[in-house]
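Heads up, the thing below is written out as structure tokens.
Letters A, B, ... are given to chains in the order of the sequence lines, protein chains preceding strands, and every chain is numbered from 1.
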Number of protein chains: 2
Amino acid sequence: MRSAEIIAVGTELLLGQIVNSNAAFLSKELAECGVYVYYHTVVGDNPERLQQIIEIAESRSDILIFTGGLGPTEDDITKQILAKYLSKEIVYDDIHLQKIEAYFATRNDTMSENNKRQAEIIEGSTVLMNDFGFAAGMVFQQKAHTYMLLPGPPSEMQPMFVQYAKPVLLRQNDAENLILESKVLRFFGIGESKLADDLKDLIATQTNPTIATYAGENEVTIRMTASANSREEALRLIAETEEEIIKRDGAYIYGTGEVTLVDLVIQQLMDADMTISAAESLTAGLFQAELAGTTGVSKIFKGGVVTYSNEMKQTLLHVSSETIENKGVVSQACAMEMADNVRSICHTDIGISFTGVAGPESLEGHPVGTVWIGLSIVGKPTLAYRYVFQRDRNYNRRRAVKEGFALIKAFLDEKTNKTSK
Amino acid sequence: MRSAEIIAVGTELLLGQIVNSNAAFLSKELAECGVYVYYHTVVGDNPERLQQIIEIAESRSDILIFTGGLGPTEDDITKQILAKYLSKEIVYDDIHLQKIEAYFATRNDTMSENNKRQAEIIEGSTVLMNDFGFAAGMVFQQKAHTYMLLPGPPSEMQPMFVQYAKPVLLRQNDAENLILESKVLRFFGIGESKLADDLKDLIATQTNPTIATYAGENEVTIRMTASANSREEALRLIAETEEEIIKRDGAYIYGTGEVTLVDLVIQQLMDADMTISAAESLTAGLFQAELAGTTGVSKIFKGGVVTYSNEMKQTLLHVSSETIENKGVVSQACAMEMADNVRSICHTDIGISFTGVAGPESLEGHPVGTVWIGLSIVGKPTLAYRYVFQRDRNYNRRRAVKEGFALIKAFLDEKTNKTSK
């Protein structure tokens with residue numbers, strides 16, 4: 001397999017003004033292309049230092065991928081320095097040039113020579129279209145090396161890579177008759193270290209498929225990537241590994257591919273034609289805000305209340321003063337009343353509630369991180385679940401929201417199974 | 001001024017499993033220490049490649065800062081490879097060794113040789129205490145170079161750097177009689193590119209103080225860092241530049257230092273002894289969730305409602321059906337009724353409301369990104385403000401929340417000014 005070095009060019013990275021998230025994105029993508037990444041390098045907008053970096057990278061990597069330095073200003077030097085170093089000419093790419101000219105024409109603005117710089121490419125390149133900006137990307141081969149130049153802004157770089165650059169790298173695999181397949185498994189309710197521990201032997205001896213774990217917030221994903229001479233063989237290799245992973249931690253898998261837990265719950269609610277409302281105390285709107293992050297959610301989501309103070313639990317939600325006085329707000333009884341009442345007030349099929357101690361102070365004698373989640377569902381007995389998270393305030397709040405989605409999913413999974421029997 | 005290279009060691013970075021945020025954090029900190037950062041490098045847990053990286057870094061930088069590879073497993077090789085390369089011995093640091101022993105003793109667990117590895121340091125090092133983990137950090141000088149080794153997890157690395165490592169670098173400045181001072185200005189309502197453009201000449205000719213802009217979400221900060229032989233001189237240099245910046249874009253400055261817009265609003269509400277509630281449609285809880293992210297906010301924040309559907313605007317908030325039918329929900333009238341009604345239902349001094357079109361579909365003929373924010377304040381006429389953001393759904397929602405905080409701040413600023421007259 002070939003090796004790559006990712007070279008980010010930009011003084012703003014060296015000042016810490018932005019984080020080099022491009023390197024992580026490309027590394028993940030390159031693993032799927034069957035390319036090993038051995039180095040990431042960041043260098044400023046400085047001709048001498050950039051040229052030295054190119055020399056070093058050529059001595060140790062097959063593919064040099066540059067991000068940044070393709071913009072319109074004098075500071076943007078990536079293609080100029082690389083062309084000079086390789087004794088190549090710079091020419092205009094007509095498509096990008098027309099695009100820039102058209103932009104200035106519609107604005108009745110004059111295009112400067114600097115603006116035209118973004119349409120320049122190194123002679124002999126395959127142009128990589130920029131659908132979200134003016135700077136042309138490019139890729140070319142010289143002797144043993146592949147050189148790829150991508151723009152710095154992730155909003156331009158990522159779609160350009162996926163749409164136009166990745167196929168070029170994959171075609172290089174075709175030449176070697178190498179087929180790559182990958183599959184993502186998504187876990188909830190298990191930490192990355194526990195998962196890595198359970199799969200220690202698989203990860204330690206991995207060669208084909210490769211197994212990489214990625215920890216999101218309260219979620220872990222595993223990407224398996226297999227290479228073979230046929231699609232069937234690659235898929236068979238993945239299936240074998242997947243089976244072994246399911247045997248050990250299948251109970252924590254909630255989905256595959258790019259879908260999130262929230263997406264999945266929304267889709268299930270739509271399929272089941274069930275509406276939902278929420279009553280939030282410690283999470284204070286976080287659950288509802290996350291739900292409303294998805295387009296088209298208004299079909300199943302009506303609204304709810306944020307009852308941060310005890311007074312609001314009574315005013316907005318009619319939680320009885322007996323419950324608050326005798327059981328407290330961090331209680332099963334309060335969570336159940338909140339869930340029942342929000343469901344009835346909002347006329348929905350499901351009502352979910354969150355009450356507890358975000359921290360840093362304990363409340364009613366309960367330790368920080370104690371959370372009750374209530375779930376009231378039409379035609380079912382209302383339940384409440386207790387959790388103790390024991391982390392900082394905002395982790396506890398976000399974790400509670402995730403657990404809420406997991407609870408709804410568990411109910412909907414069960415419902416679907418029953419229906420299909 | 002001295003130059004530094006930040007070397008991150010860890011295969012997980014090259015697989016894209018994590019983003020190298022440590023490099024950005026340290027670059028920012030090093031700028032405050034009067035150290036230029038010319039390179040970031042990432043290399044895997046591979047002895048040969050790591051040694052080559054050390055050789056290259058020594059040839060071009062004064063200070064080598066390593067992050068990662070100080071853990072307990074065989075993969076963690078940073079100090080072993082560096083010690084071997086410099087022909088130095090590895091010894092135990094007693095304090096970290098006792099800390100690890102104590103941990104295993106209280107858990108009645110046996111400590112393995114691997115666990116003890118985290119207490120190892122390179123002979124002659126100044127130990128950097130790890131207050132949030134077991135891996136000792138270290139710094140030492142050999143001939144012309146300073147070598148600093150820090151743990152990989154940001155939760156351990158960041159406090160170690162700020163508390164123990166930064167003072168070492170600053171003392172090196174003392175030896176050169178160099179005093180550094182810095183000041184942060186915080187902007188809202190102006191984009192980073194506009195701000196950079198307004199200050200183009202200042203930024204282009206910057207030497208002392210240096211001027212760096214950082215773009216957060218909907219916020220921009222500028223950090224000025226001056227070096228001089230006395231504190232007075234450094235502060236004078238900063239004040240001069242600050243004056244020039246204020247002259248050009250002072251209207252957008254909302255604060256200085258590490259305080260956020262939300263922190264500032266909460267503090268002002270507490271100082272004014274005013275309570276707040278919110279009615280959220282398109283933002284669906286985002287404003288309230290952000291407010292509740294801060295400890296102690298219950299003194300001023302009671303709760304509110306999420307009225308995502310039109311029906312909920314009537315049920316929970318008693319918005320009149322006349323308003324909804326005749327004016328629509330994306331209207332000044334609706335925003336004002338929502339703000340008034342949530343204030344009255346929740347018995348607070350301030351009621352704020354958010355209604356509009358998050359996207360991607362337009363609503364009631366209004367384009368995506370149209371947002372009305374209503375503000376109802378005890379003893380003042382209720383107002384509503386219209387915005388058109390024209391970005392994607394989640395940007396529009398988050399931007400609306402920020403504008404809401406800015407509106408409250410503007411009111412409270414005015415109130416304070418009036419009172420003090």
Side-chain angles (χ1 to χ4, degrees), chain A residues 13-21 23-29 31 37-44 46 49 52 56 60 212-215 278 280 282-289 291-293 295 298 301-309 311-312 315-316 345-347 358 360 393-394 397, chain B residues 13-21 23-29 31 37-44 46 49 52 56 60 212-215 278 280 282-289 291-293 295 298 301-309 311-312 315-316 345-347 358 360 393-394 397:
Chain A
L13 290 156
L14 297 179
L15 288 170
Q17 294 176 321
I18 51 171
V19 173
N20 188 12
S21 62
F25 173 84
L26 288 170
S27 294
K28 236 170 147 170
E29 290 286 331
V37 177
Y38 287 147
Y39 305 94
H40 296 170
T41 303
V42 180
V43 64
N46 176 288
R49 285 194 282 270
Q52 283 162 16
I56 293 169
R60 62 190 186 186
T213 62
Y214 300 87
E280 304 187 59
L282 85 158
T283 53
L286 224 43
F287 176 87
Q288 297 174 81
L291 205 53
T295 301
S298 57
F301 174 54
K302 299 294 155 198
V305 295
V306 175
T307 54
Y308 203 68
S309 69
E311 177 199 347
M312 284 302 117
T315 310
L316 293 177
I345 292 168
C346 296
H347 312 295
R393 177 178 180 85
N394 282 319
R397 297 171 68 221
Chain B
L13 290 156
L14 297 179
L15 288 169
Q17 295 176 320
I18 50 172
V19 172
N20 188 15
S21 62
F25 173 84
L26 287 170
S27 294
K28 234 170 149 171
E29 289 286 331
V37 177
Y38 286 146
Y39 306 94
H40 296 170
T41 304
V42 179
V43 62
N46 176 288
R49 286 196 280 269
Q52 282 162 16
I56 293 169
R60 61 190 185 186
T213 62
Y214 300 87
E280 303 188 60
L282 86 157
T283 53
L286 224 44
F287 176 87
Q288 297 173 83
L291 204 53
T295 301
S298 57
F301 174 54
K302 299 294 157 199
V305 295
V306 176
T307 55
Y308 203 68
S309 69
E311 177 199 347
M312 284 302 117
T315 311
L316 293 176
I345 292 167
C346 296
H347 312 295
R393 178 178 181 84
N394 283 319
R397 298 170 68 222

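- Looking only at side-chain heavy atoms (C-beta outward), B:V42 and A:Y39 stay at 4.5 Å or farther from each other.
- Side-chain contact between A:F301 and B:M312 is absent, with no heavy-atom pair separated by less than 4.5 Å.
- Both the backbone and the side chain of A:L286 come within less than 4.5 Å of a heavy atom in chain B.
- Counting heavy-atom pairs under 4.5 Å between each of B:T295, B:N20, B:L282 and chain A puts B:T295 at the top.
- Heavy-atom distances place the side chain of A:E311, and not its backbone, under 4.5 Å from chain B.
- Applying the side chain to side chain donor-acceptor pair (under 3.5 Å) rule to A:T213 yields the partners A:E192; only residues at least two apart in sequence or on another chain are considered.
- Of the listed residues (B:P360, B:G44, B:A278), the one with the most heavy-atom contacts under 4.5 Å to chain A is B:P360.
- Side chains of B:L14 and A:H40 form a contact here, defined as non-hydrogen atoms less than 4.5 Å apart.
- Within the 4.5 angstrom heavy-atom criterion, only backbone atoms of A:T283 (N, CA, C, O) approach chain B.
- For B:R49, the parts sitting under 4.5 Å from any heavy atom of chain A are the backbone and the side chain alike.
- Neither the backbone nor the side chain of A:E280 comes within contact range of chain B; no heavy atoms are under 4.5 Å apart.
- Taking 4.5 Å as the limit, some side-chain heavy atom of B:L316 sits within range of a side-chain heavy atom of A:C346.
- The choice from A:I18, A:L15, A:T41 that makes the most heavy-atom pairs within less than 4.5 Å of chain B is A:L15.
- In this structure, B:V19 and A:V19 have side chains that are in contact, with non-hydrogen atoms separated by less than 4.5 Å.
- At a 4.5 Å heavy-atom cutoff, A:A23 makes no contact with chain B through either its backbone or its side chain.
- With sequence neighbours excluded, the residues that form a salt bridge (Lys or Arg N to Asp or Glu O under 4.0 Å) with A:R60 are A:E5.
- With a 4.5 angstrom heavy-atom cutoff, A:S298 touches chain B via backbone and side-chain atoms both.
- Proximity to chain B is limited to the side chain of A:R393, based on heavy atoms less than 4.5 angstrom apart.
- At a 4.5 Å heavy-atom cutoff, the contact between A:I56 and chain B is made by side-chain atoms alone.
- Comparing B:A289, B:A358, B:G285 by how many heavy-atom pairs each has under 4.5 Å with chain A, the most go to B:A289.
- Comparing B:H347, B:K302, B:K28 by how many heavy-atom pairs each has under 4.5 Å with chain A, the most go to B:K302.
- At a threshold of 4.5 Å between non-hydrogen side-chain atoms, the residues A:Y308 and B:Q288 do not count as touching.
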